[in-house]
Each structure stands twice: as structure tokens, then as C-alpha cells.
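What follows is a single structure, written as C-alpha cells, with notes after it.
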Amino acid sequence: MEQADDVVRWAAFCCVLVPVVLVVYGTSLGGAAGTALGLVSVTAACRLLLRRSERGLHAETVRPRRRN
């Protein structure tokens, strides 16, 4: 769980850093904002998938699956 939190923190940091770097190197504000929006949406989707997989893993360790 801690590793997933670290990944999400780094991704959020990059969502801020990348547009700033793009503006510094001459990209328009609109282009940088579009990039930021795309990065935020991908980060949010990845965070959702990480949380779901953690819940599924936790459920399997708490209640082992029966074998037929």
C-alpha cells in the first residue's frame, strides 16, 4: 500500500512539473494546460486501478478462495 502511495505522489508531482517545464521551454500556456489535464486524468485512472487491485489482493488474503 505504501508503494502505491509513493507512485501516486510522484505522478502528482510530475503533473505539476511537466507543464512548468513546457512553459519554460516555450510551449504555449494552452498546450501546457492541455498536457497537465491529460496527465491528471491518466494519474487519476491509475490511482483508481491501484486502489482496486489493493482491495482485491486484501480480500484474497483475508478470505482464501475455495478449490473445487
Side-chain angles (χ1 to χ4, degrees):
M1 187 165 184
E2 185 177 318
Q3 291 175 342
D5 291 338
D6 288 343
V7 169
V8 171
R9 272 191 218 106
W10 276 107
F13 173 72
C14 290
C15 288
V16 173
L17 181 64
V18 169
V20 170
V21 171
L22 287 173
V23 169
V24 167
Y25 282 97
T27 303
S28 68
L29 286 176
T35 301
L37 189 61
L39 287 171
V40 166
S41 63
V42 168
T43 300
C46 290
R47 181 175 184 261
L48 176 71
L49 291 172
L50 277 168
R51 297 293 180 220
R52 281 188 180 181
S53 67
E54 284 177 347
R55 275 188 263 140
L57 182 62
H58 179 69
E60 292 229 352
T61 58
V62 171
R63 184 176 38 130
R65 201 185 313 180
R66 286 185 179 172
R67 292 186 182 221
N68 294 336

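Numbering of residues begins at 1 and proceeds along the displayed sequence.
For the atom pair CG of L22 and CG of L17, the computed distance is 9.5 Å after rounding to the nearest 0.5 Å. Between the CZ atom in R47 and the CG atom in D5 there is a gap of 8.0 Å [rounded to 0.5 Å].
When all heavy atoms of C15 and A36 are compared, the pair lying nearest together is O-CB, 4.2 Å. Taking both residues in full, the closest heavy atoms of T43 and A11 are given as CG2-CB, 3.6 Å, listed atom of the first, atom of the second, then distance. Closest approach of A32 to V23, counting heavy atoms only: CB-CG2, 3.6 Å.
Under the 4.5 Å side-chain heavy-atom criterion for grouping Ile, Leu, Val, Met, Phe, Trp and Tyr, V24 is connected to F13 within one hydrophobic cluster. In the hydrophobic cluster analysis, where Ile, Leu, Val, Met, Phe, Trp and Tyr join through side-chain heavy atoms closer than 4.5 angstrom, V21 is grouped together with W10.
For L29, the CG atom is loosely surrounded, since the number of other residues' heavy atoms within 6.0 Å does not exceed 12.
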